[in-house]
Protein chains: 2
Amino acid sequence: MSTVTITDVAKHVGVSVATISRHLSGFTVRNEEKIRQAIIDLNYRPSAAARNLKSGRTGIIAIVVPDITNPFFASIVEGAEGAVGEDRMILLVNTGDSRQREEKALAQLFGRVDGVIMAPLTEDEEGPSFFSQFGLPIVFVDRVTQDGEKFSTALTDNAKGATIATNHLIALGHKKIAMISGPLSTTPGKKRADGFKASLKESGLPCQYFIESDFSEEGGYAAMSALLEREDAPTAVFTANNLMTIGALHALRDRGVAVPNQISIIGFDDLDFAELINPPLTVIARDARLQGALAMELMIKQLTNGASTQPEHSMVDVQLVERGSCAPPREMQTIAFNKVDR
Amino acid sequence: MSTVTITDVAKHVGVSVATISRHLSGFTVRNEEKIRQAIIDLNYRPSAAARNLKSGRTGIIAIVVPDITNPFFASIVEGAEGAVGEDRMILLVNTGDSRQREEKALAQLFGRVDGVIMAPLTEDEEGPSFFSQFGLPIVFVDRVTQDGEKFSTALTDNAKGATIATNHLIALGHKKIAMISGPLSTTPGKKRADGFKASLKESGLPCQYFIESDFSEEGGYAAMSALLEREDAPTAVFTANNLMTIGALHALRDRGVAVPNQISIIGFDDLDFAELINPPLTVIARDARLQGALAMELMIKQLTNGASTQPEHSMVDVQLVERGSCAPPREMQTIAFNKVDR
DNA sequence: TTGTACGCGTTATCAT
DNA sequence: ATGATAACGCGTACAA
């Protein structure tokens, strides 16, 4: 147990604690060498707790995500980690998609961290107001809450991504286009659904195959299965996140539905193995690491500039990555196949 | 800024700070209701820093992993998170495979956390002696350092997994079996290589296709490419972790090598999409979440029982998950194909 | 049951 | 440049 304090070092060297403290803070003092040696000999480490108490700061930034095993959030965390810098650390909270855990975590966080980067479960939360009430800086990443405008955000251009995906399918000639959507209570869920519906409307297509699911692999599986059950099944589907895409692919595989011959599929968020599956998966991609890094930068800016900082909003761009999972609908394939599939 | 302290509450109610403190600790005091109300009215939150200083504990357990975007480590973290309990939290440190960051993080951790669960970069580190010197409880997960025996560990039965994988290939009739190994300086790297070599030797097969790589996707790609370059290429390959498996699959795909007809492949660690690729991937699987949970349990046990606790070692089992990526070598396929592939 | 007063380890202020 | 000391906010032994 390192029960050795600054006082012990001071006594050992024969100076006052103030001198040791100053040396630690980088000031020039008299017995530099002796002090350095004493610190090593005694194995002295400053107490973080005492420093926190004195300074009111902890040097720790919390990052709250719904599910760390989702590769997207893992990348967000990695990006944030990379941008946190030398003298701060990250406290990860994985809420496991549980509102209870999220609330509890938020309460616990106060006083332990200097700020919170968070991807809230849903938009209708009181968490953030809770924090703003206490003056703890907060930055939203990927998702916001209702009064999210008042805080800095690092989001994705969700609507644009959904529009690109939908238009891609429309351009291929699809008329019966499905969307397996995320919860409309979340930012990305809502925005992507909006983008999808807007594209459909613009092209004069009806919105007949819209399923609100839950961003999970199981949800994607169930939704895709339901879609395939329908008498008049869609010829193309847009899945609103990586996990649901995986689930949908499993459903397709289990039922022996051929992609893209029988159905086209495009997912939001790239997957590590998108090129390995057969056919390679066409997706809307974005740089999640960058998004995490941006969130951290916004947080550090707030921490540096103080409470008076104006909230800033950064946006990560999306792009279409065409691989092989989208093709014209079957009735058009003899005409357009060559043009599109290669 | 929540600059409201316990003193403010005490004054507001008209009692002493001790009474408030006792109330907070769950003791029965006189003005329960008034106190409760005052706490709400004033928005009082106990200072974690002050509590830490007093108690010497932080309620935070650090978990140090090399790469959080590796799904395996993400699952470890998730498992640990699930077992951490109500009144503790997790501090995640992602070292990004950098020894520097790892060392720095360890130093920063002291005083901020009650214990450290860690997957060290390599076995030849001084980290643990560093910790034992300071009396900070430590539990190794997935990997240990040289003197790891002295600490609690939550490992996988790596040698067994490698043996099962290798024997599976041998049983199919393969003679030219390659291994794309992890760094021999790491626990899993070394143990899996040992298991592979032992199996070969037991069957009287030479070890001609052993490549030490680095557990990364790029490394797996390079190693697989090198293997395919060889005049007398192997007919089967065992990849020592998930990322290298992905890399190897990419290399195979890029060169148009058919699996399992031209080459069989089996990987250590299951993949989310193992069933989605063509052919579905045969793997050695283990329960990473359980492993993380076990590590956390060992840590909590140590924290509860104090420094006198004897180190314990828990082991997570492995199992063969046969899918479609392994078949007899080409020259035998006419004979054995039916028997094995279905 | 309640209040007083001290200590936890550090940093900052004030004199020297 | 240095030393003594107050203060950070909380918990708790001690006395009442």
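No experiment lies behind these values; they were computed from the predicted model shown. Protein chains get the first letters and strands the later ones, always in sequence-line order, with residue 1 at the start of each.
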I need the CZ-P distance between B:Phe110 and C:dG9, as an integer number of Å. 11 Å
Do side-chain atoms of B:Asn94 reach the backbone of B:Ile68 as a donor and acceptor pair under 3.5 angstrom? yes
Between protein and nucleotides 11-15 of chain C, what N or O pairs are separated by less than 3.5 Å?
residue	atom	partner	partner atom	Å
C:dT11	OP1	A:Arg51	NE	2.8
C:dT11	OP1	A:Arg51	NH2	3.3
C:dT11	OP2	A:Ser21	OG	3.0
C:dT11	O2	A:Lys54	NZ	3.1

Earlier contact from the 5' end, DNA chain C, for A:Ala50 and B:Val29: B:Val29
Counting only side-chain heavy atoms from C-beta out, which of D:dG3, C:dC8, D:dT2 sits nearest to B:Leu53? C:dC8
Does D:dG3 have OP1 or OP2 sitting under 4.0 Å from an N or O in the side chain of A:Ser16? yes
Checking the side chain of A:Asp8 only, and the main-chain atoms of A:Thr5 only, is there a donor and an acceptor separated by less than 3.5 Å? yes
Any donor and acceptor pair, going by atom type alone, linking the side chain of B:Ser55 with main-chain N or O of B:Arg51 inside 3.5 Å? yes
In whole angstrom, give the distance that lies between atom CG of B:Asp8 and atom P of D:dC10. 9 Å
Check: B:Thr156/B:Arg286 side-chain N/O donor and acceptor closer than 3.5 Å: yes
B:Glu32 CD - C:dT1 P separation (whole Å): 11 Å
For D:dG3 and A:Thr19 - does any side-chain N or O of the residue sit under 4.0 Å from the phosphate oxygens OP1/OP2? yes
Any donor-acceptor N/O pair, A:Asn158 side chain to A:Lys191 backbone, under 3.5 Å: no
Using whole Å, report how far CZ of A:Arg57 lies from P of C:dT10. 17 Å
Is a donor on one side and an acceptor on the other found under 3.5 Å between the side chain of B:Arg143 and the backbone of B:Leu121? yes
What's the closest nucleotide to the A:Arg30 side chain, out of D:dT2, D:dG9, C:dT10? D:dT2
I would like to know whether A:Thr58 and A:Asn52 meet side chain to side chain donor-acceptor pair (under 3.5 Å); could you show each step before the answer? CA-CA 5 Å; A:Thr58 66; A:Asn52 295 349; 5.7 Å; no
note: B:Asn52, atom CG; D:dG11, atom P; distance rounded to Å ~ 11 Å
Can B:Arg88 and B:Glu81 be counted as an ion pair, charged N to O under 4.0 angstrom? no
Please give the angle, rounded to 10 degrees, between the axes at the start and the end of the helix from C:dT1-D:dA16 to C:dT16-D:dA1, where five pairs define each axis. 40°
Excluding sequence neighbours, so at least two apart, what forms salt bridge (Lys or Arg N to Asp or Glu O under 4.0 Å) with A:Lys301? A:Glu312
